[in-house]
2 protein chains.
Amino acid sequence: MLKHGILGLLNYRQMTGYEIKEVFRNSLNYFWDAQTSQIYRELQTLRERGWVTDETDVPPDRANKKPFSITDEGRAELCRWLRDESVRTDTNSPLLMKTFFLGELEEGESLAFFRALRERSRESAAVLARARDAVEEYSRRIPERKKAMFWQMTRDFGVMYNEMLEKWAEHCEEMITEVEE
Amino acid sequence: MLKHGILGLLNYRQMTGYEIKEVFRNSLNYFWDAQTSQIYRELQTLRERGWVTDETDVPPDRANKKPFSITDEGRAELCRWLRDESVRTDTNSPLLMKTFFLGELEEGESLAFFRALRERSRESAAVLARARDAVEEYSRRIPERKKAMFWQMTRDFGVMYNEMLEKWAEHCEEMITEVEE
DNA sequence: TGGGTCATGTAACCTGTTACATGATTAG
DNA sequence: CTAATCATGTAACAGGTTACATGACCCA
């Protein structure tokens, strides 16, 4: 998966591994966490597959920089992946795994679990609220207005998911307290 | 993660690897996908850690069955995990990764993406609707009513997530068509 | 007796994580 | 000059996937 994320970024422009990491940390962080070690490794395999190249016509401004750019094969692969029907339906939720077995704990403890969840949800809501303007601001500086729309969609997902999560946690707390009476 | 799922199930009762697989396939399938190969491997490491044992007092009804049961250490570990604050916030969403770069495709294609998503969402909604009664039915046959409540919560999450997903997909389709005019 | 499903695995691989090492460049 | 941060990696591990192998049991 990270492979295609990297391809997507290199499709915008030539980048070094370090820059890729920065973009993930600053823009894609709320739906993907990328380790530098993995980024550098993936860049090697992408190069072996001929999807990216480190031979760029624009030489780096620093000696210790190693910029990569996407190849035509890489662009083809990016589109193939985007068109691919089989969108993994993000199964495997550690959150629900835990919830499923939460009946083993005392009422107080399971209540605390959902309260902590709501707390964290509120925190990310604050982050996402700021993200809206950041995306708008950034998109104003690039030519392709269309792309910014899809970036905003991922942020909107975050907002809606958060709202849902908070509602769900509340619902669970009610279920627990109703039984307790 | 699967380790603790297995511990949770063995905490209900003694089970073979095959039975564990069946429970995952029939009850936990909409939030976790477990391969048999992994289940058998995890059972070995759980045994090595002393959290489960294959030495059971109740001998299997079939020669080729190998039932496992949870140990006191296993139960302690299960509770430790349930109480653990650091609930991984399920980052890394392949769905959003794809959405982020969807601007590379034609409007028609990106619209098709969200329509397909809504279609799949409606399908799982139907499955989850049936799941409600299944959980109720099953819980009526066991003594611990309390546990069934948490099972229902995971189903409710599924329902709410699905609704959210459908709304989001609709919202995205609107964004695309509004720009297209 | 032969096909289905019950039942247990092994091996290779892929993706992501954790911990660590190291050199180059820049700002104070 | 020195500390921060820019920049590139390696090694070992953990968790999950894919493909395959194999034997027991049951029912028609």
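Keep in mind that the numbers below use all heavy atoms, side chains included, and drop hydrogens, waters and symmetry copies. Bear in mind the structure is a predicted one, so any value in this text is a computation, not a measurement. Every chain is numbered from 1, with letters handed out A, B, ... down the list of sequences.
Inter-residue side-chain proximity for B:Phe68 and B:Thr53 is flagged as unmet; no heavy-atom pair is nearer than 4.5 Å.
In this structure, A:Gln38 places its CD atom 15 Å from C1' of D:dA12, rounding to the nearest Å. One interatomic measurement links the two molecules: OH of B:Tyr40 to P of C:dA7, which rounds to 8 Å at whole-angstrom precision. If you measure from atom CG of A:Leu43 to atom P of D:dT8, you get 9 Å, rounded to the nearest angstrom. Note: CD1 (B:Ile6) to P (D:dG15) measures 12 Å, nearest angstrom. Here the C1' atom of nucleotide D:dG15 and the CZ atom of B:Arg49 are 11 Å apart, to the nearest Å. A:Asn26 places its CG atom 10 Å from the P atom of D:dC6, with the value rounded to the nearest Å. Whole-Å rounding puts the A:Lys3 NZ to C:dG16 P distance at 7 Å. In this structure, A:Ile39 places its CD1 atom 14 Å from C1' of C:dT15, rounding to the nearest Å.
The side chain of A:Met1 sits closest to C:dG16 out of C:dG16, C:dT8, D:dT8. Distances were taken from every side-chain heavy atom of A:Glu42 (C-beta onward) to each of D:dA7, C:dG16, D:dT8; the shortest belongs to C:dG16. Nearest nucleotide to the A:Asn64 side chain, out of C:dG16, C:dT25, D:dG9: C:dT25. Relative to the side chain of A:Lys66, the nucleotides C:dG16, D:dG9, D:dG15 differ in distance, and D:dG9 lies closest. If you check C:dG16, D:dT8, D:dG16 against the side chain of B:Asn92, the one that comes closest is C:dG16. Closest to the side chain of B:Lys65, out of C:dA7, D:dG9, D:dG16, is C:dA7.
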- How is the base pairing of DNA chain D summarised as a dot-bracket string, given the Watson-Crick and G-U wobble criteria with both distances under 3.5 Å, [ ] for crossing and | for another strand? ||||||||||||||||||||||||||||
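A salt bridge is absent between A:Glu166 and A:Arg118: the closest approach of a Lys/Arg side-chain nitrogen to an acidic carboxylate oxygen does not fall below 4.0 angstrom. With respect to B:Glu170 and B:Lys167, no salt bridge is recorded, no charged nitrogen being found less than 4.0 Å from a carboxylate O. Looking at B:Glu19 and B:Lys65, no side-chain N of the basic residue comes within less than 4.0 Å of a carboxylate O on the acidic one, giving no salt bridge. Salt bridge annotation for A:Glu55-A:Arg47: absent, with no cationic side-chain nitrogen under 4.0 angstrom from a carboxylate oxygen.
Nucleic acid contact for A:Ser37: base, since at least one base atom lies under 4.0 Å from a heavy atom of the residue. Among the atoms of the strands shown, none is found under 4.0 Å from any heavy atom of A:Lys21.
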- Message: B:Glu106 vs B:Glu109, test: side chain to side chain contact (heavy atoms under 4.5 Å, CB included). Steps then yes/no.
- Response: CA-CA 5 Å; B:Glu106 301 289 311; B:Glu109 289 180 297; 3.7 Å; yes
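Taking the six-membered ring for Trp and the full ring otherwise, the centers of B:Trp151 and B:Tyr12 sit less than 6.0 Å from each other. For A:Phe114 and A:Trp168, the gap between ring centers is short of 6.0 Å.
Nearest-nucleotide positions on DNA chain C place B:Glu22 closer to the 5' end than the other of B:Glu22 and B:Phe68.
Contact check, A:Thr16 against D:dT8: a side-chain N or O comes under 4.0 Å of OP1 or OP2. Remark: B:Gln35 is not in phosphate contact with D:dG16, judged by side-chain N or O atoms under 4.0 Å from OP1 or OP2. Contact annotation: A:Tyr18 side-chain N/O to D:dT8 OP1/OP2 distance is not under 4.0 Å.
Residue side chain B:Arg41 does not reach the base of D:dG15 through any donor-acceptor N/O pair under 3.5 Å, judged by distance alone.
Residues A:Thr71 and A:Glu73 have side chains that bring a donor and an acceptor to within less than 3.5 angstrom of each other. At a cut-off of 3.5 Å, with distance as the only test, no side-chain donor of A:Thr91 or B:Asp33 sits close to an acceptor on the other residue.
With a 6.0 Å cutoff to the six-membered ring centre and a 45° limit on the axis angle, B:Lys98 counts as a cation-pi contact of A:Trp81.
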What pairs of nitrogen or oxygen atoms, one from the protein and one from nucleotides 26-28 of chain C, lie under 3.5 Å apart?
none

